[in-house]
Each structure stands twice: as C-alpha cells, then as structure tokens.
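Written below as structure tokens is the structure these notes are about.
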Amino acid sequence: MPVAQARKTDHGGEAMQEARTYSLGASDSELARLDAQAASIAAATALFLRSAGISPGMRVLDLGTGLGHVAFQLSELVGSEGAVVGIDRATEMLAVAEQRRVAAGIENVSFVEGDAQAFSDGIFDAVVGRLILFHLPEPVGVLRHHAGRLEQGGLMVMIDFDAGAVRSEPPVPLFEQARGWMIEGFRLDGANPTVGTRLGPLLRDAGLTDVQTFGVQSYLAADDPAGPALLTGVLTSLAPAIVAGGLATEEEMALDSLRERLARALQAGGAIGLPPAVAGAWGRRRAGA
Ligand SMILES: C[S@@+](CC[C@H](N)C(=O)[O-])C[C@H]1O[C@@H](n2cnc3c(N)ncnc32)[C@H](O)[C@@H]1O
C-alpha cells in the first residue's frame, strides 16, 4: 500500500495481545505527562533527526508514535514532498494524535494502529523511534525487522532515555530515593530504563552500518519546577508496579505531596536536578543487505 494511503489496519492483532502492555497507560494525566516530556526533549530530538540526515522528500515510519510529537517534527523536516506514517498500538493515543493532526492541517502525516514488533506495510527511506525501545522486550529483533523494510542505504534513527543519568548534584536524599523507585519501578515492569546507553550496539547487532551515537544532558536549576514535576509524574504512573513489587508503599511515596517535597528539598540543598539523558543513534541499511 502506498505510504500516502496508509490507514488504520489491525496489523499484528494477535501479536498485540501477546506484546507486553505499555508501562504507563493512557490516562488523561499520562497524556499530559507525555506532552510535558515531549516538550522537554523536542530540541534534542530535532538535533538527532537533523544530524542523522532526515531531509525533505523522505518517507518515514515513526514507531510507537504515541501522541504524534515526533511524527509532527518529522513532518516539518520531510516537507510536502515527503510523508510520515506514525504507528502505535494504543488506540486512545492515536485518536488524540489524529485530532491534533487535523486541527493543525498537517497533510503529510498519517497514523496507523499496529504493533511495532510486527508492522510491515510499505518500504521507507527512514525508520525513527523515540522512547519505544525502552518498552520492547526484544529490541534487536524489532530493529532487524524494520531494517528489512528500509530502502537500500535507508536510515534507522533511535532516540531513548538513559535514566541512569538522573541525579541531584549535590545529592539530595529524597531525590535520590525517588530516582531509585523510578529506575527499579521500570525494571519491575519489564522496561529497560537505561536502554539509551545501548543504542549504538543495538543498531549494530540489528545489522545497521555507519552507526553514530551521542547523548544530550539537561541541567535543571534548583528552583526549576520541571524536575520534580517529571519525576512525580513518572512515579504516579508507575506506582501500581512499585507497590505491587514491594519497592515502596503508597504511604512511603506520598505522591500527593511528593512534587512539592522534591522542589523544597532541591532548593534547600541548592541542588541541580539532572533529568534522564537523551541518547540518539542512527545507522544505515547496508547496501545489498
Ligand atoms: C513513551 S511513549 C513515546 C511516544 C512517542 N514516540 C514520543 O516519543 O513522544 C511510548 C509509546 O510506544 C507505544 N508502544 C509501546 N509498545 C508498542 C508496540 N509493541 N507497538 C506499538 N506501539 C507501542 C505506546 O503505546 C506509547 O504510545
């Protein structure tokens, strides 16, 4: 099917049932958290996409598009001669992404429901995925699958977090404790919170060539509300896994007041908050592969 005509399919219907559930759900608060998170890493994302060589006229597949943030950034880079297909298995997220696409009058993006582990409609000049490998149990297999759907010499671009970089400097005990809950909470839930450190090897193992990678680290001032808000938002979404796994009780986390307590503790300690580093890596499909 031509990319411009890509539409909702039930690709990977059975695989979707088998694939593990996205850790963070799709509630209103989770959508708001994804918007804030996307805004905080939009500049890093643009840097990776441009460095990798995403350019006008390309046909690009966006894996795990969510609310379409990356698809909309790609839309500007590929221009009216290019096309972007964003796939996700979360119907609610795609519905919001589609509403936003229509409201913004964006015509070179389409959204398709499907499983990133099995989707195979169309051949692309580039496959992009941000914050998706984090959630996939077998990332190399998925990358290899999509590398096979690239044009010869086509680009694979992956962007993901290294949550191992999260810290306060100088260390603030409450922040460090919350960081531990977050990292272990993701692990308990089957996600890989430090996958950003491994993007280069993952692309190489999937058969990509000319692989390049670098990371972007933000430093938040002690009185910047973004760090406490992001950390509290993630912990609120992960709380069921954290409590079920016995990492902490609801009383210990006290989520209702956590954001404010984190903000106060960082200010009292004059501490810089380091959010997850954002790693980007890209490689090309080997000629003849
Ligand atoms: C953290 S969000 C990232 C969204 C978007 N890529 C961004 O960076 O703003 C992860 C997204 O991956 C989707 N996802 C997770 N596993 C998936 C799979 N196997 N197939 C398709 N989508 C998946 C989730 O539904 C969710 O929308």
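Just follow the structure's listing: the first ligand is 1, and inside any ligand the first atom is 1.
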- Task: Using modelled atom types only, decide if a donor and an acceptor are shared between the side chain of Arg59 and the backbone of Ile123 within a distance under 3.5 Å.
- Result: yes

- Item | Atoms in ligand 1 with a heavy atom of Ala90 nearer than 4.0 Å | 25 (O)

- Check if Leu67 has a non-hydrogen atom at a distance under 4.0 Å from any atom of ligand 1. no

- Query: Any side-chain donor paired with an acceptor under 3.5 Å for Asp88 and Thr65?
  - Reply: no

- Task: Between Ala116 and ligand 1, find which residue part has any heavy-atom pair under 4.0 Å and reply side chain, backbone, both or neither.
- Result: both

- Item | Neighbour count >12 (heavy atoms, 6.0 Å) for atom CZ, Arg179 | yes

- Query: Which of the listed options, Met93, Arg130, Gln37, Glu113, holds the heavy atom that is closest to atom 7 (C) of ligand 1?
  - Reply: Arg130

- Message: As a check for students: among Thr45, Ile132, Leu63, Asp160, identify the option with a heavy atom nearest to atom 12 (O) of ligand 1.
- Response: Ile132

- Could you check which of Asp88, Ile159, Leu94 puts a non-hydrogen atom nearest to atom 24 (C) of ligand 1? Asp88

- Message: Polar contacts were defined as any N/O atom of the residue lying under 3.5 Å from an N/O atom of the ligand; does this apply to Gly64 and ligand 1?
- Response: yes

- Query: Are the side chain of Glu184 and the backbone N or O of Trp181 linked by a donor-acceptor pair below 3.5 Å?
  - Reply: no

- Can you tell me if CD on Glu107 sees more than 12 non-hydrogen neighbours from other groups inside 6.0 Å? no

- Query: Parallel, tilted or perpendicular: which fits the ring planes of Phe186 and His135, with parallel below 30° and perpendicular above 60°?
  - Reply: perpendicular

- Task: Determine, using heavy atoms of Gly129 and all atoms of ligand 1, whether some pair is separated by less than 4.0 Å.
- Result: no

- Task: With the side chain counted from C-beta on, respond yes when His69 and Arg130 share a heavy-atom pair under 4.5 Å apart, and no when they do not.
- Result: yes

- Heavy-atom nearest option to atom 17 (C) of ligand 1, drawn from Arg89, His69, Glu92: Arg89

- Item | Proximal ligand 1 atoms for Gly114, defined as those under 4.0 Å from one of its heavy atoms | 20 (N), 21 (C)

- Message: Quick one: does any side-chain atom of Arg149 pair with a main-chain N or O of Ser120 as donor and acceptor, under 3.5 Å?
- Response: yes

- What atoms in ligand 1 come closer than 4.0 Å to a heavy atom of Leu136? 19 (N)

